[in-house]
Amino acid sequence: MRTITKKKLAEPVPDVLRSRGLRLTNPRRLILEIVRATDVHPTALWVYQRARRRAPRVSLGTVYRNLRGLTNEGLLKEMADGRGLGRFDGNLSDHCHVVCVSCGRISDLAESLDRSLESRVAARTGFTVSHHRVEFYGRCPDCVGKRRR
Ligand code: ZN
Ligand code: MN
């Protein structure tokens, strides 16, 4: 399992790329910076809109391609929100998510789940379990409030 220490997370983006022997193209660095700088778990479109402020000629296709590449290389994590949109996370530490099925908001859950779950799954299936992913779905406080008003 990949473990990222606090120190590693604070490392400037170019060093992270260089240490993994990746090409240092500008859109790639910019896109990684944008996703790592936010905790909104953005969509590709959100990243594209941010990226255009600093690189007006970047295309949506370039953003998609780089998000995909960065995810394949393990520098970003991808998940689906309750509405089927791909969402990206620059926080590589072990954590769970709470997803609002109404507005798509995704919050991090600091609480770590019962570790014995992994060994129970391993024992039942014969798999070597390296990690797990848990997402909770529901309505965020804002959306619950709107409905009651
Ligand atoms: Zn909501
Ligand atoms: Mn997250």
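Counting starts at 1 for both ligands and their atoms, in listed order. For reference, positions follow the sequence shown, starting with 1.
Nearest heavy atoms, Cys140 versus Cys100: N-SG, 3.3 Å. Closest of all the heavy-atom pairs between Leu92 and Leu75 is CD2-O, 3.7 Å. Scanning all heavy atoms of the two residues, the minimum distance from Ser107 to Arg105 falls at OG-NE, 3.7 Å.
Of the N and O atoms on the side chains of Arg52 and Tyr48, at least one donor lies less than 3.5 Å from an acceptor on the other residue.
Under a 4.0 Å N-O distance rule, the pair Arg28/Glu73 qualifies as a salt bridge.
Membership of an apolar cluster is not assigned to Leu85, as no side-chain contact below 4.5 Å to another ILVMFWY residue is traced. If you chain together ILVMFWY residues whose side-chain heavy atoms come under 4.5 Å of each other, Val129 ends up grouped with Val121, Phe127.
The number of protein N/O/S atoms found under 2.8 Å from the Mn ion (ligand 2) is 5.
Among Arg36, Lys77, His41, the one residue that satisfies the side-chain hydrogen bond (donor to acceptor under 3.5 Å, both in side chains) test with Asp89 is His41.
Rounded to the nearest 0.5 Å, atoms CD (Glu78) and CZ (Arg68) are 4.5 Å apart.
For the Zn ion (ligand 1), the set of protein N/O/S atoms nearer than 2.8 Å consists of Cys100 SG, Cys103 SG, Cys140 SG, Cys143 SG, ordered by chain and number.
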